[in-house]
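Just so you know, ligand 1 is whichever comes first in the structure, and atom 1 is the first atom listed for that ligand.
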Amino acid sequence: MTDKVKVIYFTVDGKPEQAEFRSDFPADDVKDCFRSASEAGPNDILKLYNQKGSIINISPKLEENGPDSRYRLEVVATNCDTAIAKRLGVDMSGLEARLQELETKVKVENGDTPSVVYDLRNKVECFREKLEGVEHLSWLGLFKDLVRYKGSKHFYQNGTYLKASEADLKRVWEKFKKMSNVQLTTEVREYLRQPSFDNWQWEDAEMLVLLQQMYIDLDFVSKFHIEIPVLQTFLFEVYKHYNNVPFHNFKHCFCVCQMMYGISWLTDLCSLIGDIDVMIMITATICHDLDHPGYNNAYQVNAKTELALRYNDISPLENHHCAVAFEILEKPHCNIFKNIGPERYKRVREGMIKTILATDMARHNEILSEFKSIRDNIDYSNKKHKDLLMMICIKVSDISNEARPMDVSDPWIDCLLTEFFNQGDIEKLQGLPVAPFMDREKTTKPSSQVGFIGFVLLPLFETLAALFPVLDEHIVEPVRKALKYYTDMVKALEEEKKRKEERQENGENMVKNGEATKMRKLSQTNGSVTSQVEAK
Ligand code: LUO
Ligand code: ZN
């Protein structure tokens, strides 16, 4: 049975208007209803006030009114009053202030609504308002009709900005340029080759210097005539295109590249597969998660985001990371490969595309089993064999947090679960499928790590170590230790839970026993009272 049509009367700029819709309409359609009635553009933010002057939610559930109790619709154009805001999009501080006002007013308005409904409505409304007008969110599928600001200010759902501010970028660039003229000590250059390297001790500008050092120490700068100023602008442009999300940020890119760098030295990869293929892997690791929005492929596809539509659901994120990498390399002042000639450029491009696309975990089993099938008689002159080895190497580097010392890897798993659970929260809000490891109600850090290390990480690492035994001590052994650490933790937590349940049960029994004793005493007392009364 379809709901009856409701008519909502309101004024906009003093003009009487009315909107008609059914309460089973999608929220966006109702919003569009008000938008078109008030001729508001996609960039504008709408606010609806009731007669008491309080803001009310524009939704299909909106309470019906009459022509003499009109609501008032206000169209809030985004105010881009500064140069930066004009260039980057919405003035977030203004929007934040209005949202604060919205939350306070909405709380007052619906006094009788249970607070939990309220808070949720507040959160959703607040979340939608905050995200409205931010271009990248079309990837999140939250708002199809989003503003098309070019390079608009992006931010992550918890309100932090997705991209660094101009001021931050300027500071990092200057520090990077200043430090890159300083000769790094041999000790630092040695430490940089260790899988135990601790990224948390280094600032972003310092990591940029270390990435530059990798190209120098692997001799790529001289062998491929890379100009240092071009290398610096390339690295900084890459830095600018990583987002401020909990896990898939620039630090992750650095860690993956540094692990690849460590593996290259440990296995002397350059002498095995040649300099250009190692340079492909180093550059691919630096670019492999460029502009990651903090929501994985499953989300992109389920939410039918712009990226999923653009890449037909085929590894949308990895395709995007690679496309951004070559958009950067197409800029003359960033093209570190401009002096290697068209033939080798073509080879580099093909190799980077292949290795970056291989980081899609959905292809994990496909790639691993194919590599296993050739590993024991690998032929380094066979391009197919080398391609598979390069794909395995970037995959190992990409998920290698647990190969690092516990005090380095532990914070990374927290970052990862923060990003995963944020995604799970949004998927729940949108009624989209939620993977178990993204559901904060179902996944704990130790239990998910036991599964991941045991079933994904160790089999992958042991497969590569079978080819390069030197890796066993340096990256497989730490992963085995991590598996034991989390397995013991899971056991300890299970025992603690059992003890708690036993205590509870005993507690209940004691209460029951106590009750029973009390009842017995009571009945004895009663019994004696009854017999006394009867005796009377
Ligand atoms: C595997 C993965 C995919 C996307 C983003 C990060 C990760 N990584 C990890 N996932 N990278 C390192 C780690 C790690 O140490 N642990 C996990 N753990 C859990 C949350 C997990 O189950 N991840 C997972 C498993 C399979 C999968 O696709 C088949 C995707 C994520
Ligand atoms: Zn990655």
Side-chain angles (χ1 to χ4, degrees), residues 195 199 238 241-243 245-260 281 284-301 315-322 324-325 355-369 391 393-406 408-424 433-461 475-476 478-483 485-487 489-490:
N199 67 281
V238 162
H241 283 79
Y242 271 95
N243 292 317
V245 291
F247 182 86
H248 287 100
N249 49 48
F250 174 71
K251 290 185 189 308
H252 168 66
C253 133
F254 174 82
C255 287
V256 175
C257 178
Q258 191 274 328
M259 185 58 75
M260 185 72 248
M281 290 195 291
T285 49
I286 289 173
C287 300
H288 88 284
D289 273 332
L290 271 168
D291 200 28
H292 197 298
Y295 296 81
N296 73 353
N297 281 330
Y299 183 90
Q300 303 298 325
V301 171
S315 305
L317 285 177
E318 292 72 21
N319 271 297
H320 179 60
H321 305 322
C322 200
V324 173
T355 44
I356 292 174
L357 292 187
T359 60
D360 182 353
M361 278 304 285
R363 297 178 54 204
H364 177 74
N365 294 325
E366 162 216 329
I367 295 169
L368 183 57
S369 44
M391 290 155 88
C393 285
I394 193 170
K395 279 179 54 62
V396 164
S397 305
D398 190 18
I399 60 176
S400 63
N401 297 306
E402 290 294 357
R404 296 181 186 275
M406 188 50 79
V408 180
S409 62
D410 194 53
W412 274 116
I413 307 311
D414 294 334
C415 295
L416 177 69
L417 291 178
T418 300
E419 192 172 300
F420 277 9
F421 292 163
N422 282 344
Q423 175 177 326
V434 185
F437 55 81
M438 299 250 172
D439 186 340
R440 62 176 76 247
E441 312 299 327
K442 293 181 185 161
T443 288
T444 64
K445 182 171 163 180
S447 63
S448 72
Q449 283 308 86
V450 166
F452 180 75
I453 295 173
F455 294 106
V456 180
L457 214 48
L458 264 182
L460 173 67
F461 277 41
I475 62 169
V476 187
V479 173
R480 290 195 189 97
K481 283 204 176 73
L483 178 59
Y485 169 79
Y486 285 114
T487 307
M489 191 186 284
V490 168

Please work out, at 4.0 Å between heavy atoms, whether the side chain, the backbone, both, or neither of H364 comes within that distance of ligand 1. neither

Parallel, tilted or perpendicular: ring planes of W412 versus F247, cut at 30 and 60 degrees: perpendicular

Report the nearest protein non-hydrogen atom to atom 15 (O) of ligand 1: residue, atom name, distance rounded to 0.1 Å. Q449 NE2, 3.1 Å

Are a donor atom and an acceptor atom from the side chains of Q258 and N199 found within less than 3.5 Å of each other? no

Location of contacts on L416 toward ligand 1, heavy atoms closer than 4.0 Å: side chain

Before signing off on this row, confirm whether N401 and ligand 1 have an N or O atom pair separated by under 3.5 Å. no

Which atom name would you report as the N, O or S atom of D289 nearest the Zn ion (ligand 2)? OD2

Counting C-beta onward and ignoring hydrogens, is there a side-chain heavy-atom pair between I475 and V396 closer than 4.5 Å? yes

How does I413 reach ligand 1, if at all, at less than 4.0 Å between non-hydrogen atoms: by side chain, backbone, both, or neither? side chain

Protein contact of atom 4 (C) of ligand 1 - nearest heavy atom, named by residue and atom, plus distance: F420 CZ, 3.8 Å

Are any non-hydrogen side-chain atoms of P195 and M259 less than 4.5 angstrom apart? yes

Do V450 and M489 touch side chain to side chain, with heavy atoms closer than 4.5 Å? no

Considering only non-hydrogen protein atoms, determine which one is nearest to atom 25 (C) of ligand 1 and report residue, atom name and distance to 0.1 Å. F452 CD1, 3.6 Å

Candidates N249, I286, D291, D289 - the one meeting side chain to side chain contact (heavy atoms under 4.5 Å, CB included) with Y242: D289

At under 4.0 Å between heavy atoms, is it the side chain or the backbone of W412 that contacts ligand 1, or both, or neither? neither

Side chains of H292 and E419: closer than 4.5 Å at any heavy-atom pair? yes

In this structure, atom 3 (C) of ligand 1 is nearest to the protein heavy atom M361 CG, 3.8 Å

Nearest N/O/S atom of D398 with respect to the Zn ion (ligand 2), by atom name, please. OD1

Looking only at N, O or S atoms, which one in H252 sits nearest to the Zn ion (ligand 2)? NE2

Distance to 0.1 Å, residue and atom name: give those for the protein heavy atom nearest to atom 11 (N) of ligand 1. I399 CG2, 3.5 Å

To the closest 0.5 Å, what do you measure between NZ (K445) and CG (D410)? 3.5 Å

Taking side chain as C-beta onward, heavy atoms only, is M406 less than 4.5 Å from K481? no

Atom 30 (C) of ligand 1 [closest protein heavy-atom partner, distance rounded to 0.1 Å]: F437 CZ, 3.7 Å

Work out whether the distance between some heavy atom of H248 and some atom of ligand 1 is less than 4.0 Å. yes

Let me check your reading of the structure: within less than 2.8 Å of the Zn ion (ligand 2), is there an N/O/S atom from C253? no

For this output row, return yes or no: ring centroids of H252 and H288 closer than 6.0 angstrom. yes

